[in-house]
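For reference, the structure is listed below as structure tokens.
Hydrogens, waters and symmetry mates play no part in the numbers below; they use all other heavy atoms, side chains included. Not measured: the values here are computed from a predicted model.
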Amino acid sequence: MSWLPLSFGAPMVLWGLLALPVIWWLLRLTPPKPQMEIFPPLRILARVLKREETPQQSPWWLTLLRLLMAALIVAALAEPVFNPREKLPAEGAALALVIDNNWASAADWNKRVATAERLINDAGSNGVPVVIAFTAEKPNSEIGPFDAAAALDRLRAAKPRPIPTDRPAVYARVAGVLDTLPGASVAVLADGLAAKGDEAAFNTLLSKNAARVVWASSDLISLTGLTAADNQVDGFALTAIRAPGDPAPAQVTAGAFDDKGRRIADATLTFAPGEATATGTMAVPFELRNDFASIALDGERQAGAVRVLDESSKRRRVGLLSQAEADQAQPLLSPLYYIRRALQPFADLVEPSSADLADAIPQILDQKPAMIIMADIGTIPAQVRQRLVDWVDNGGTLVRFAGSRLAAAGNDDDLLPVRLRTGERSLGGALSWTSPQPVTEFPKAGPFADLAPPAEVTVTRQVLAEPTPDIVERTWAALADGTPLVTGLKKGKGTLVLFHVTPEATWSNLPISGSFVEMLRRIVQLSRNQGAAIANAEAAATSLAPYRMISADGSLVPPTPDARPLVPGPGALPVTFENPPGLYGSETGVFAHNLLDAASTLAPLTRPQITIPVTSIQYAFDESRNLKGALVAAALILMLLDTLAVFWIDGLFTRRPRRAGAVATTAAILIALGALFGHADLARADDAKPGDEAAIEAISKTRIAYVLTGVPGDDSISRAGLEGLTRFLVEKTALEPAAPAGVDITKDELSFYPLIYWPIDPAAPMPSQAAIARIDAYMQQGGTVLFDTRDQFANGIGADSTSPATERLRDILGNLNVPPLEPVPADHVLTKSFFILPEFPGRFSGSPLWVEASLDASNAENRPVRTGDGVSPIMITANDFAGAWAVDENGDPLLPTVPADPMQRIYALRAGVNIMMYMLTGNYKSDQVHVPILLERLGQ
């Protein structure tokens, strides 16, 4: 029953309000208690003529107070709920919940989780099993059916992925499960974006065995994506997209960031009314553009609004040299004319002011170019030759074109990739037996491997290379007769390249072909990376390891355990679960793999036309509030006021009580009211503090506690992790702990637990000073807190970066009395308390376990452990212990270790056993009495 924002769980109880007139009638006709007088005969005689009469009826305001109190009690019993939510159709044979957890769902993921939780809770109240599947997970992920509790655990452990959805495959798996559960309810929690294969996917899911459908969607698709960031002559040209059909204009701001995350440039992109595409230019100097590592749209916390950049996005300075430039009167006959036209769109060209090579080469080198192109340069002047050689050895790329001067200059082993024959070779002349030669297939090991050979190009003259055993390895392009057209050689850190024809259309028509532009572009890309692993020459034959990944919220994070090496190839590479967007390669060079490309669009998802009943809902948090506790509290307050009013009418507050029993009666009533308030629940019954029975239960067995952070995913992992450690303790030791307990450090008693595990999450609220003071008192009184930042691999780009979790831990410890800390020494009790362990890994490995430093400890007489008193009140790690210990209800691990080593999980569990034994036994192994026994056991 619902009246506007108020509903009642038991509306029939409201019929009790009809009894209010009867209560009013009874209260009005029932006189108050008669006044009592002491019996002195003379006093009675004195008042015969002046007799007081008690009123016949109660005062109207007291009657109104009691009627209001009765109405509040009736309303409370009717289970009132403010702002009630609609009961969702989670019934039938099962509830199939299919959730898009791709990049587009990251911005409002918490709302989607809250909506799914309501559906699962409704299914649980109906006793219906739940099939839960996510469209951006591994293809073999388990989808159920589960009970409501297991489904909630999987929902809270899920997170958005920075990849597109795979609805056809996932919907087909769900449909297969529904074949055994006919008449199920299907809830579709989509991201609102259309994708390829949607129609077939929805037909597969909803065409059979679905009795009803719950369709959840957002009010408006407000996503904005960044599809292109091209480094052009005057700046970075940016292209953004949004959902089509929006009649309102919009502006978005893009920011450019360097590899340390610092913002160094901005640009504004404007969407015209109704337009789905916006463009803008980030006009900054060429030198500053080379520092761009990523570009992101402000206010868009999702992977589609971020583009990472690699060396191919950076413009390089290219120097041009030609001895014949000043002699040419016609521009088309200039040796550098076609080179300029080919390189100008993606390179910054510099030319010397002098035609003298002795002056021109130093002028070019002073501008620190990435590449130098020489058009028919013969002999290099001796005074500048060594400087040019050093520039190549230090990483420069020297590209030379043949001509009559180079053919006559002879060989130069330091500045040519191959040795040349003297003179030129002419093809197709009147006195020649040969004909002009076409270009054959490009070698697979060269930088032109992904280019198609130009069928229209023929060569009539060339400079021949001396045949050597390695001539094939140095050939990047060849003619049909096998003679080299382009040769290249790695020299030091740089590269030497030679075109065996001239750069003008005299020896061949290559300079006027489209292939000439692409060949020069590949060489410029190679020069940018100076032969690193991502150069196109090597990309076709190798794979690139994940380096930095784009998370679903758009931030750069370390690679996940599921990420696999990327094999670059021609065309756009798909973004998949194993190849998420991000940077691939290493510190020496990276390859950018972005989510959206230039052809991407954000088309809205259309609800399929089906004949079965459909319920449409919006993503929203559950804002309903149970008013029963508040109404009961109000009724108790009115009861107290009624009692005080009766005492006032009786004259208790205006004259001295006539008997001591009145005081006792008043005290008894106040104590009873206090007991009622102490047990009254003003919000929800689940929030009641534990009483004596809870305290006795908490101390009857050893329990490990974990801090309730308020982040559902963290709390569920902490609970599952400590349950896994408890199982391992029962299997391997004589200790049988009870189930782990979650504690609220602001109000729960902490002294019941020897160890409290605290996962640090920057998303959790910062604890209050009072809560930190309670933790400090707990540590001072003998308890130990294990802080886990879980950020061993969470540093950003740059060696100096600090994770948010570490920053939050510093803020917490800044308010605690923390003793001096040290990594666990090799002879510490923790390394031998049960298992012998040299290190303490968790889900991650590599971070030390910090404990209180044993400043006065010694290890005399070769004892098995150092001497020391007490147990460390604090431990700190970044290895994610709970993630390694966490198991599901079947005992299977929930999360993979990093790296994926089965023994690492065993060592993590052993580390947990050693920590518990250390907490329960202290430094007993440092006692001299146990030394002979321990040495004897070690000898065995």
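The side-chain heavy atoms of L97 and I120, taken from C-beta on, include a pair separated by under 4.5 Å. For the pair I550 and L595, the minimum side-chain heavy-atom distance is 4.5 Å or more. Counting heavy atoms from C-beta on, the side chains of F881 and P759 never come closer than 4.5 Å. Side-chain contact between T784 and I874: absent, with no pair of heavy atoms (C-beta onward) separated by less than 4.5 Å. When side chains are defined from C-beta on, P819 counts as touching P873, because their heavy atoms get closer than 4.5 Å. Side chains of D298 and V252 form no contact here, defined as non-hydrogen atoms less than 4.5 Å apart. Under the 4.5 Å side-chain criterion, counting only non-hydrogen atoms from C-beta, I772 is in contact with M766.
Remark: side-chain polar atoms of T733 are paired, donor with acceptor, to backbone N or O of L729 under 3.5 angstrom. When atom types are taken as modelled, the side chain of R810 and the backbone of A805 share no donor-acceptor pair closer than 3.5 angstrom. A distance-only check finds a donor-acceptor pair linking the side chain of N101 to the backbone of A136 [under 3.5 Å]. Without hydrogens or angle criteria, D748 side chain to D744 main chain gives a donor-acceptor distance under 3.5 Å. A donor-acceptor pair is defined here as one N or O able to donate and one able to accept, closer than 3.5 Å; such a pair exists between the side chain of W885 and the backbone of A908. Looking at T726, its side chain does come within 3.5 Å of a backbone N or O of L722 through a donor-acceptor pair. Between the S718 side chain and the D714 main chain, a donor and an acceptor come within less than 3.5 Å of each other. Side-chain N or O atoms of Q904 include one that pairs as donor or acceptor with a backbone N or O of R843 at under 3.5 Å. A distance-only check finds a donor-acceptor pair linking the side chain of S716 to the backbone of P712 [under 3.5 Å]. Under the 3.5 Å distance criterion, the side-chain polar atoms of E300 are left unmatched by any main-chain donor or acceptor of Q302.
Note that CG of N102 and CG of D191 are 4.0 Å apart. Values are rounded to the nearest 0.5 Å. Between the CG atom in D310 and the OH atom in Y584 there is a gap of 13.0 Å [rounded to 0.5 Å]. In this structure, CG on D553 lies 10.5 Å from NZ on K159, to the nearest 0.5 angstrom. Rounded to the nearest 0.5 Å, atoms CG (L583) and CG (L309) are 8.5 Å apart. Rounded to the nearest 0.5 Å, atoms CG (L155) and CG (L152) are 6.5 Å apart. Between the CG atom of L849 and the CG atom of N879 there is a distance of 8.5 Å, given to the nearest 0.5 Å.
By the 4.0 Å N-to-carboxylate-O rule, R156 lies close enough to E117 to be salt-bridged with it. R719 has a carboxylate O that lies under 4.0 Å from a charged side-chain N of D153, or vice versa, which qualifies the two as a salt bridge. Using a 4.0 Å cut-off between charged side-chain N and carboxylate O, D291 and R262 make no salt bridge. Taking the charged nitrogens against the carboxylate oxygens, D258 and R263 have no contact shorter than 4.0 Å, which rules out a salt bridge.
Counted within 6.0 Å of OH on Y907, heavy atoms from surrounding residues, nucleotides or ligands total 12 or fewer; the atom is thus considered open. Atom CZ of R301 sits in a sparse spot, with 12 or fewer heavy atoms from other residues, nucleotides or ligands closer than 6.0 Å.
With no hydrogens or angles considered, a side-chain donor-acceptor pair links T135 and D100 at under 3.5 Å. Between D715 and T709, the side chains place a donor N or O and an acceptor N or O closer than 3.5 Å (distance only, hydrogens not considered). Looking at T560 and D562, their side chains never bring a donor and an acceptor atom within 3.5 Å of each other.
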Chi angles and distances behind the side-chain hydrogen bond (donor to acceptor under 3.5 Å, both in side chains) call for E578, T576: CA-CA 5 Å; E578 294 184 345; T576 63; 5.8 Å; no

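Here the closest non-hydrogen pair linking G255 and D266 is CA-OD1, 4.1 Å. Pairing each heavy atom of Y778 with each of L750, the nearest pair is CE1-O, 3.1 Å. Scanning both residues, L809 and I760, for their nearest heavy atoms gives N-CG2, 4.1 Å. Of all heavy-atom pairs between A882 and D788, the closest is N-OD2, 4.3 Å. Residue K832 comes nearest to A826 through the heavy atom pair NZ-O, 3.1 Å, listed as atom of the first residue, atom of the second, then distance. Nearest heavy-atom pair across V308 and N594 is N-OD1, 2.8 Å.
Taking the ring axis of Y753 as reference, the NZ or CZ atom of R703 does not stay both within 45° of it and closer than 6.0 Å to the ring centre.
Ring orientation note: the planes of W109 and F134 are tilted relative to one another, at an angle of 30° to 60°.
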